[in-house]
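Below, chain A is the first sequence line, B the second, and so on; all start at residue 1.
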Protein chains: 2
Amino acid sequence: MLRAPKGFQMPGSKLTMEFKHQATVTLAEVAEAAGVGESTVSRVLRNHGSFSGRTRERVMAAVQRLGYVPNRIAGTLASTGSRLVAFVIPSLSNIVFSDVLRGASAVLEENRYQAVFSVTDYDPGKEEALATAMLAWRPAAVMLAGYEHTDGTTKMLRASGCRVVELLDLDGDALDIAVGFSNRAAGRESAAFLLRRGYRRIGYVGHDLNRDTRAGKRFSSFCDTLDANGTPLIAREILADASSVENGKQGLERLLARATDLDAVYFSNDDMALGGYFHCLARGIAIPSQLAIFGYNGLDIGRAIPQPLSTIRTPRVATGQTAAQLVVANAPPQAIDLGFELIEGATA
Amino acid sequence: MLRAPKGFQMPGSKLTMEFKHQATVTLAEVAEAAGVGESTVSRVLRNHGSFSGRTRERVMAAVQRLGYVPNRIAGTLASTGSRLVAFVIPSLSNIVFSDVLRGASAVLEENRYQAVFSVTDYDPGKEEALATAMLAWRPAAVMLAGYEHTDGTTKMLRASGCRVVELLDLDGDALDIAVGFSNRAAGRESAAFLLRRGYRRIGYVGHDLNRDTRAGKRFSSFCDTLDANGTPLIAREILADASSVENGKQGLERLLARATDLDAVYFSNDDMALGGYFHCLARGIAIPSQLAIFGYNGLDIGRAIPQPLSTIRTPRVATGQTAAQLVVANAPPQAIDLGFELIEGATA
DNA sequence: CTCCCTTTTGGCAGCGCTGCCAACTGCGGA
DNA sequence: TCCGCAGTTGGCAGCGCTGCCAAAAGGGAG
């Protein structure tokens with residue numbers, strides 16, 4: 001622990017002085033040390049423009065010797081476009097968004113872009129505030145979840161001149177680029193699958209739909225499909241807070257207390273479905289003969305439980321990757337449907 | 001989809017011109033529109049220094065009218081310190097790190113700091129490269145996992161003059177600030193617990209220890225404790241890649257094939273332990289009478305399975321929060337031990 | 001040896017903002 | 001009436017880098 005806290009100067013200390021010096025090597029100093037002009041150093045470091053091999057070596061030697069780290073803040077200000085990509089995501093607890101970040105960050109890193117993020121907690125107002133804060137960094141792109149934004153957010157993004165990518169939803173009008181899949185189709189196919197399997201007395205266990213609008217879209221299409229079949233949803237149990245295994249467990253327990261004769265339950269996602277699965281395990285409810293369970297997301301853990309979970313696998317990592325690729329390539333506005341995969345599993 | 005892709009000019013298009021204009025409102029333009037000087041606008045917007053109420057209103061009106069969004073890049077360059085905090089984390093699949101990010105980002109957002117991150121995949125070389133890239137943004141702080149860095153990384157961080165926070169480990173020498181708990185203590189207490197419970201024929205299922213050095217520390221202390229008791233580890237199964245439920249399942253299967261008479265198994269973390277748990281469920285191995293299972297992390301899902309998982313709960317979110325608070329407060333170098341909690345559960 | 005063209009190089013004006021400092025405005029007290 | 005002070009305000013020099021342009025340095029060909 002040798003460092004002094006910032007703002008605290010060890011008076012006359014050699015250490016502090018070296019330290020300060022180290023922290024502030026500039027391009028101009030490198031240029032001087034290498035005996036070349038500033039722009040030459042800049043060209044060499046960015047490998048852009050032309051310069052001789054000898055010059056290159058001298059510059060690199062000086063960089064090495066001085067421990068120069070370029071200042072991207074200055075670089076970004078001086079040049080036109082930044083290499084920042086801003087993520088404004090609803091949550092970091094939900095694996096969906098960390099998967100998206102994971103996919104995107106790999107691609108961004110390869111292309112020397114830098115990811116910055118902030119978390120809205122599914123609050124559109126906070127989304128607007130955070131998006132504004134993000135725009136202040138003049139990112140190359142802003143990545144958001146879905147289409148449901150405040151008017152202010154929309155207007156601001158449109159006016160910002162930076163690319164906008166809306167992720168994980170395709171049921172709506174894109175501002176610029178959209179990458180994901182249709183949540184409505186997912187809900188529809190989930191219902192169709194359960195009907196195909198012969199289930200008719202179907203219930204739903206979900207989490208806060210006002211906030212997670214994508215889950216809301218799945219649910220409403222799910223219900224529409226059941227209605228169209230003449231076998232509407234029998235009962236629902238919606239928990240106020242975020243999705244979790246524990247909530248799924250409690251939700252199913254409450255649902256079954258009210259509706260005793262269900263033959264299948266659709267969960268808002270796999271976390272909830274796993275909770276339901278564990279509830280059945282603990283209570284000795286036979287799956288799927290006594291009760292079928294269907295989830296959404298296709299988490300790995302769903303495949304590792306004794307009976308693989310029936311669910312829909314969503315391309316979360318690929319969504320992040322694709323979004324990042326489009327941004328890096330500065331692709332024209334478009335909507336990309338990555339689809340999803342229904343996994344039959346053993347629970348429905 | 002009205003926007004034209006960047007670099008493509010719609011010739012003579014009014015739309016494009018407006019667009020360009022919108023994207024580039026500067027402080028100077030606001031100043032002119034409000035009929036005040038630039039520094040006055042700056043003062044009002046940052047609420048710093050003194051100005052009259054009337055001035056404030058005129059400035060805010062102009063800001064509103066023009067849709068001005070301050071340029072933080074320029075602001076950061078002009079002032080001394082940045083409000084960026086850089087995270088260089090091993091993985092985003094491991095919930096540990098998204099929990100840390102979650103805790104930190106909440107605190108950072110409150111204080112108008114901005115989080116940027118990149119992912120090393122547990123590769124120290126990549127860590128060095130990414131840390132360098134991060135320093136180029138002149139962050140207020142760099143947050144890293146643990147103490148194991150390359151010499152290059154260490155040297156660079158020391159020279160950088162920005163705060164360094166090492167997270168989730170306390171067994172080593174901190175560069176500056178450290179926040180977390182002792183992984184060695186966690187391994188030790190896990191072993192002591194199993195011994196206390198009467199288990200003597202103990203095995204281990206883990207994931208790549210060269211890369212996840214914190215898991216390695218836990219494991220080595222675990223073994224030391226068993227050795228000290230005169231009941232050394234009987235068998236181990238170490239999977240080459242990252243931890244996952246599936247790997248835990250396979251690992252336990254292989255371990256039991258080789259060592260038939262184990263009475264307890266220690267897993268490198270809860271994901272792995274859950275895999276082991278599911279393996280036992282599927283094979284009808286009675287827990288804990290036939291085989292005890294012990295994990296690490298204290299994930300929520302471990303509490304929701306029929307028999308709550310015996311494990312150690314780590315303060316992941318609190319680690320992120322505390323780290324962020326220290327950075328925001330520009331606290332002096334220190335190491336903070338947040339401890340951990342042993343959860344007895346029902347599996348051991 | 002000169003000319004012309006290509007490659008390499010340096011100078012310097014910003015990028016948009018902040019921080020410093022000087023100047024201005026009132027206003028009460030001498 | 002003038003002075004001094006606190007509260008306001010504007011001007012302007014950078015922050016460290018990039019992009020443009022002009023200048024210098026080769027390198028054949030004539």
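- Phosphate contact (OP1/OP2 of D:dT9, side-chain N/O of B:Thr55, threshold under 4.0 Å): present.
- Considering only side-chain atoms of B:Ser50, the nucleotide from D:dT18, C:dC17, D:dT8 that sits closest is D:dT8.
- Rounding to whole angstrom units, CG of residue A:Leu77 and P of C:dA13 are separated by 17 Å.
- We find that CD of A:Glu29 is positioned 13 Å from C1' of D:dC15, with the value rounded to whole Å.
- At least one side-chain heavy atom of A:Gln334 sits less than 4.5 Å from a side-chain heavy atom of A:Leu326.
- B:Trp137 has its CH2 atom 13 Å from the P atom of D:dC17, to the nearest Å.
- Side-chain contact between B:Pro139 and B:Val85 is absent, with no heavy atoms from C-beta onward closer than 4.5 Å.
- The aromatic rings of A:Phe117 and B:Phe117 stand perpendicular to each other, their planes meeting at an angle above 60°, with 30° marking the opposite boundary.
- In this structure, A:Arg138 places its CZ atom 9 Å from C1' of C:dG16, rounding to the nearest Å.
- For the pair B:Ala74 and B:Ser39, both in contact range of DNA chain D, the more 5′-proximal nearest nucleotide belongs to B:Ser39.
- Between B:Asn71 atom CG and C:dG14 atom C1' the separation is 14 Å, expressed in whole Å.
- B:Ile73 has its CD1 atom 18 Å from the P atom of D:dC15, to the nearest Å.
- Neither OP1 nor OP2 of C:dT8 sits under 4.0 Å from any side-chain N or O of A:Ser52.
- Distance B:Arg43 CZ to C:dT18 P: 11 Å, rounded to the nearest Å.
- Among the nucleotides D:dG19, D:dC15, C:dG14, the one closest to any side-chain atom of A:Ala78 is C:dG14.
- Under 4.0 angstrom from either OP1 or OP2 of D:dG16 there lies at least one side-chain N or O belonging to A:Thr24.
- To the nearest 0.5 Å, the span separating OG on A:Ser160 from CZ on A:Arg138 amounts to 9.0 Å.
- Closest-nucleotide positions on DNA chain D for B:Val36 and A:Pro70 were compared, and the one nearer the 5' end corresponds to B:Val36.
- Side-chain atoms of A:Thr26 stay outside donor-acceptor range of the base of D:dG16, with no qualifying N/O pair under 3.5 Å.
- A side chain to side chain contact (heavy atoms under 4.5 Å, CB included) with B:Leu144 is found for exactly one of B:Leu168, B:Val164, B:Asp169, B:Val165, namely B:Val164.
- Counting to the nearest Å, the C1' atom of D:dT9 and the CZ atom of B:Phe51 are 12 Å from each other.
- Of the side-chain N and O atoms in B:Arg46, one or more sit less than 4.0 angstrom from OP1 or OP2 of C:dG19.
- Proximity of A:Thr80 to the phosphate of C:dC15: no side-chain N or O atom is located under 4.0 Å from OP1 or OP2.
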